[in-house]
Amino acid sequence: MSKSNRSKDDEARMSGCCFPVNLDRSMKSGLSFKKSSSGSFKGESQEKRPLVVCFGEMLIDFVPTVGGVSLSESPAFKKAPGGAPANVAVGISRLGGSSAFIGKVGEDEFGFMLAEILKQNNVDSSGMRFDRNARTALAFVTLRDDGEREFMFFRNPSADMLLRESELDANLIKKASIFHYGSISLIEEPCKSAHLAAMNIARKSGSILSYDPNLRLPLWPSPETARKTIMSIWNQADLIKISEEEITFLTGGDDPNDDNVVLKKLYHSNLKLLVVTEGSNGCRYYTKEFKGRVTGVKVKAVDTTGAGDAFVGGILNSLAADLNLYKNEEKLREALLFANACGAITVTERGAIPALPTKEAVLQILPKANA
């Protein structure tokens, strides 16, 4: 169904999303959004700030309205916009930074909704593409009693997997001070080639390359393929964020708390900063000059979806403001504590993007971390 043929009832149904959506009828199927007379995209800040471009998937998360139940037992689901790279882009913008998203969604109601949400959150969506032949990806998420989650994906294939190199906005990528990506976009062609081409453009343009593997094993053909592919671009990254579980997986079962494992098997000579997230316990950091740990911010977890992305948004927003941040341990520790607080706030609400914090919210919770 084309955008212009939607009824008011259709838009009313979409307004039931957990995040407010006001559909803009200036959006045209399969086309980029119109620019204003000033040349900027609607919702884009006029202030020139270092740009973080996030590449990859954007999808709809369906989260149970109650915790501690299986998918089949859930009485209802709350739909929420998600997808790790998109979460990071919105997270940066919420904190007052400048971000853009590059990826593909379906030319369908969910795809239009996601594009509008990016615009409403002041994320540059000019690099977003729409596919007429594939649907926007969906993920159903089960929440355990402790707030941890498991995923069931619907993407056979979904539009995000079909982004082609020819559809990349090279000029947008070249503007990036930081180019951020995950590994899900490496699973299938043609998106894999588009991902590698985008990385190459960013690297040649002098961007800092930021990598969060964001392991989702059910999406990969096999664990061996996942491990090999994730590591195939490892040495190109300037900054890597990784979880304890991902350390265990990528190293073949080694202790994620062993600094020697991290330094010998995962740290590489081109890396400026490696961060290991430890959930509510905080994070560890490794640079060429120093390493250490920053405490977490304790909160009652409702839904951990998006916590890692909120953390990444927090640290990338700080890094964009000071590209040499990783060279000063005191400043780095402050930035990591700020990022920990971003993640903590996010787990107190259901869904990823709806729960991402503002800078003001983070500054309010930080005193508790220092208490």
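- When all heavy atoms of Ala344 and Val347 are compared, the closest pair comes out as O-CG2, 3.1 Å.
- Annotation: side chain of Val362 is in contact with side chain of Phe338 (closest heavy-atom distance under 4.5 Å).
- Distance check, rounded to the nearest 0.5 Å: OH of Tyr211 to NE2 of His180 gives 10.5 Å.
- Between Glu278 and Arg293 there is a salt bridge, since a side-chain N of the basic residue sits under 4.0 Å from a carboxylate O of the acidic one.
- For the side chain to side chain donor-acceptor pair (under 3.5 Å) with Arg94, the lone residue among Asn317, Asn122, Asn121 that qualifies is Asn121.
- With hydrogens and angles left out, the side-chain atoms of Thr225 and Ser222 include a donor and acceptor closer than 3.5 Å.
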Please determine whether side-chain contact (heavy atoms from CB on, under 4.5 Å) holds for the pair Lys327 and Lys272, giving the CA-CA distance in whole Å, both sets of side-chain angles, and the decisive distance to 0.1 Å.
CA-CA 8 Å; Lys327 296 180 180 179; Lys272 294 177 172 64; over 6 Å; no
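- Lys298 NZ: more than 12 foreign heavy atoms inside a 6.0 Å radius.
- For the atom pair CZ (Arg132) and CG (Leu162), the distance works out to 15.0 Å, reported to the nearest 0.5 Å.
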Assess the residue pair Ser207 and Ser205 against the criterion (side chain to side chain donor-acceptor pair (under 3.5 Å)); give the C-alpha distance rounded to whole Å, side-chain angles, the decisive distance to 0.1 Å, and a yes or no.
CA-CA 6 Å; Ser207 304; Ser205 301; 5.5 Å; no
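- Within the 4.5 Å cutoff, the side chain of Ile173 has heavy atoms near those of the Phe179 side chain.
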Decide side-chain contact (heavy atoms from CB on, under 4.5 Å) for Tyr286 and Asp259; before the verdict, give the C-alpha distance in whole Å, the side-chain angles of both, and the deciding distance to 0.1 Å.
CA-CA 9 Å; Tyr286 303 84; Asp259 284 347; 2.5 Å; yes
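- Ala100 approaches Leu51 most closely through the heavy-atom pair N-CD1, 3.9 Å.
- Judged by distance alone, with hydrogens and angles left aside, the side-chain atoms of Asn270 form a donor-acceptor pair with the main-chain N or O of Asn235 at under 3.5 Å.
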For Asp212 and Lys241, what are the C-alpha separation, side-chain angles and deciding distance, and is it a salt bridge (charged side-chain N to carboxylate O under 4.0 Å, His left out)?
CA-CA 5 Å; Asp212 176 4; Lys241 172 262 177 189; 3.6 Å; yes
I would like to know whether Asp254 and Lys265 meet salt bridge (charged side-chain N to carboxylate O under 4.0 Å, His left out); could you show each step before the answer?
CA-CA 10 Å; Asp254 287 350; Lys265 293 193 174 184; 2.5 Å; yes
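- No more than 12 heavy-atom neighbours from other residues, nucleotides or ligands sit within 6.0 angstrom of NZ on Lys264.
- No donor-acceptor pair closer than 3.5 Å links the side chain of Ser125 to the backbone N or O of Met128.
- Here the rule is side chain to side chain contact (heavy atoms under 4.5 Å, CB included) with Leu266, and of Val261, Ile247, Val276 only Ile247 fits it.
- Leu215 is not connected to Met161 by any chain of hydrophobic side-chain contacts under 4.5 Å among Ile, Leu, Val, Met, Phe, Trp and Tyr, and they are in different clusters.
- Taking CG of Leu263 as the start and NE2 of His268 as the end, the distance is 12.5 Å to the nearest 0.5 Å.
- Across Ala352 and Pro81, no two heavy atoms sit closer than the pair CB-O, 4.3 Å.
- Phe140 has its ring centre no less than 6.0 Å from the ring centre of Phe151.
- A side chain to side chain contact (heavy atoms under 4.5 Å, CB included) with Asp309 is found for exactly one of Val88, Val90, Ile353, namely Val88.
- Rounding to the nearest 0.5 Å gives a distance of 11.0 Å between OG of Ser126 and NZ of Lys119.
- Between the CD1 atom in Ile315 and the OG1 atom in Thr277 there is a gap of 12.0 Å [rounded to 0.5 Å].
- The backbone N or O of Ala361 sits less than 3.5 Å from a side-chain atom of Thr358, completing a donor-acceptor pair.
- Residues Leu59 and Leu138 are members of separate hydrophobic clusters, defined by side-chain heavy-atom contacts under 4.5 angstrom among Ile, Leu, Val, Met, Phe, Trp and Tyr.
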Go through the steps to decide whether Phe130 and Phe112 satisfy the test ring-ring contact (aromatic ring centres under 6.0 Å, His included), and finish with yes or no.
CA-CA 9 Å; Phe130 299 84; Phe112 295 130; 5.6 Å; yes
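- Side-chain contact check for Glu289 and Tyr326: no donor-acceptor pair (N or O, by modelled atom type) lies under 3.5 Å.
- A cation-pi geometry, defined here as NZ or CZ lying under 6.0 Å from the six-membered ring centre and within 45° of its normal, does not hold between Arg333 and Tyr285.
- Thr346 contributes a side-chain N or O that, together with a main-chain N or O of Cys342, makes up a donor-acceptor pair within less than 3.5 Å.
- In this structure, a donor-acceptor pair under 3.5 Å is present between the side chains of Thr136 and Asp108.
- Within the 3.5 Å criterion, the main-chain N or O of Gly56 finds no donor-acceptor partner in the side chain of Ser185.
- Between Val52 and Ser177, the closest side-chain pair of non-hydrogen atoms is not below 4.5 Å.
- Taking the six-membered ring where the residue is Trp, the centroids of Tyr181 and His195 are separated by under 6.0 Å.
- If you chain together hydrophobic residues whose side chains sit under 4.5 Å apart, Ile184 and Trp234 fall into the same group.
- Within a 6.0 Å sphere centred on CE of Met231, heavy atoms belonging to other residues, nucleotides or ligands number more than 12.
- Contact detail for Ser210 and Ile178: the closest heavy-atom pair is CB-CG2, 4.0 Å.
- Looking at Glu246, its side chain does come within 3.5 Å of a backbone N or O of Asn214 through a donor-acceptor pair.
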Evaluate salt bridge (charged side-chain N to carboxylate O under 4.0 Å, His left out) for Arg129 paired with Glu167, printing each intermediate quantity in order.
CA-CA 7 Å; Arg129 302 291 179 256; Glu167 296 175 302; 5.7 Å; no
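- Residues Leu271 and Leu239 share a closest heavy-atom pair of CD1-N, 3.9 Å.
- Between Ser269 and Lys288, the closest heavy-atom pair is O-NZ, 2.9 Å.
- Between Val294 and Asn340 there is a side-chain heavy-atom pair separated by less than 4.5 Å.
- Environment of CD in Glu188: sparse, with no more than 12 heavy atoms of neighbouring residues, nucleotides or ligands closer than 6.0 Å.
- By the rule that hydrophobic residues join a cluster once side-chain heavy atoms approach within less than 4.5 Å of another member, Leu274 and Phe249 end up as members of one cluster.
- Side-chain atoms of Thr229 never come within 3.5 Å of backbone atoms of Ala226 as a donor-acceptor pair (strictly under, hydrogens ignored).
- Between Lys104 and Asp160, no side-chain nitrogen of the basic residue sits less than 4.0 Å from a carboxylate oxygen of the acidic one, so the salt-bridge criterion is not met.
- Summarising the local packing, CZ of Arg164 is surrounded by 12 or fewer heavy atoms from other residues, nucleotides or ligands at distances under 6.0 Å.
- Judged purely by distance below 3.5 Å, without hydrogens or angles, the side chains of Glu245 and Thr248 never pair a donor atom with an acceptor atom.
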